[in-house]
Trainee: 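Here it is, the structure in full.
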There are 2 protein chains.
Amino acid sequence: MKTKEVKTYSLSEMKDKYIGKDGTTVRDEYEYELSMDVLGKMIKSARQERKLTQEELGRLVGVQKAQISKLESSANSATIDTILKVFKALKADINFNVKLEDNFIKLA
Amino acid sequence: MKTKEVKTYSLSEMKDKYIGKDGTTVRDEYEYELSMDVLGKMIKSARQERKLTQEELGRLVGVQKAQISKLESSANSATIDTILKVFKALKADINFNVKLEDNFIKLA
DNA sequence: ATGAAAGTTTCTAAATATAGAAACTATATT
DNA sequence: AATATAGTTTCTATATTTAGAAACTTTCAT
């Protein structure tokens, strides 16, 4: 997998952007640009919110803790299937959207 | 890849849910549950909005038209890398979020 | 400082995705 | 109906991901 150095934000940094509103955080409504990097961090963050160790999450997913570690550190580019399996085990919903940019020019 | 039969909506069906607001559609703000199925349909829909054939998109991504066809029909579970490559070629931003469900019970 | 628990890395094997090429099918257009 | 264009499927090869197991390292509590 080819990787590129990009400015990253820690999850907590990103989550700090949330606006507290009578108890419920809007945090989970915050949108992230899709990347394996952020996805891995989201898995870790969700696992921690569930108070699970990598081994426990592994058991829920049906894999070794080593797999969870690899996913969280985005050691490689996971398949959609794998991502879904993990979030399902965490009882988390993952939603997305696509937005076309304005600057597209179709060349002949 | 294991698949499951689920009730699906066509992209246009889904997009019909948008609320028109002075010219600009809110359509692109609509959120979809992550699945290879929907992802494939989004690629197709975005490609069509760009007025590209599968062959042309293939050229932009750097693959044969057959690959684009496979992705759009979700013949398999793509990797995040592949998904990103395609949306990048389409000059489209893909964002996501994760929401923890309430009904999680950690068993001992 | 020691020990236990949690997380990471490395090795190997197996499964799956990616890819091109070519044949095939479907869709339009005239 | 014939042709061109667009999209799909099949075949084969290669690359990559997934996975377990075990060794290793880090972190944390005492």
Trainee: Side chain to side chain donor-acceptor pair (under 3.5 Å) with A/T82: which residues, sequence neighbours excluded?
Mentor: A/T79

Trainee: Just jot down the side chain to side chain donor-acceptor pair (under 3.5 Å) partners of A/S35, sequence neighbours excluded, or say none.
Mentor: none

Trainee: For DNA chain D, which residues of residues 50-60 of chain B approach it to below 4.0 angstrom with any heavy atom?
Mentor: B/T53, B/Q54

Trainee: Got a sec, which pairs hit salt bridge (Lys or Arg N to Asp or Glu O under 4.0 Å) with one end in residues 67-80 of chain B, sequence neighbours left out?
Mentor: B/R47-B/E72

Trainee: Quiz question: by atom type and distance under 3.5 Å, do the side chains of B/E31 and A/N97 form a donor-acceptor pair?
Mentor: yes

Trainee: Identify, with sequence neighbours excluded, every residue that meets side-chain contact (heavy atoms from CB on, under 4.5 Å) alongside B/Q48.
Mentor: B/K44

Trainee: Excluding sequence neighbours, so at least two apart, what forms side-chain contact (heavy atoms from CB on, under 4.5 Å) with B/I94?
Mentor: A/L34, A/F96, A/V98, B/L39, B/I83, B/L84, B/F87

Trainee: Who are the side chain to side chain donor-acceptor pair (under 3.5 Å) partners of B/S77, not counting sequence neighbours?
Mentor: A/D81

Trainee: I want to verify a distance call: between C/dT8, C/dT18, D/dT18, whose nearest atom is closest to the A/S69 side chain?
Mentor: C/dT8

Trainee: Which heavy atom in B/K106 sits nearest to a heavy atom in A/R50, and how many Å separate them?
Mentor: CD-O, 4.2 Å

Trainee: Any chance you could list the contact pattern along nucleotides 19-26 of chain C? Use B for base contacts, S for sugar-phosphate-only contacts and - for none, protein heavy atoms under 4.0 Å, 5' to 3'.
Mentor: BBB-----

Trainee: Angle between the end axes of the helix from C/dA1-D/dT30 to C/dT30-D/dA1, five pairs per end, to the nearest 10 degrees?
Mentor: 60°

Trainee: List for me each residue that meets side-chain contact (heavy atoms from CB on, under 4.5 Å) alongside B/D102, sequence neighbours excluded, and say none if there are none.
Mentor: none

Trainee: Test of understanding: with side-chain contact (heavy atoms from CB on, under 4.5 Å), list the residues that count as partners of A/S73, not counting sequence neighbours.
Mentor: A/A75

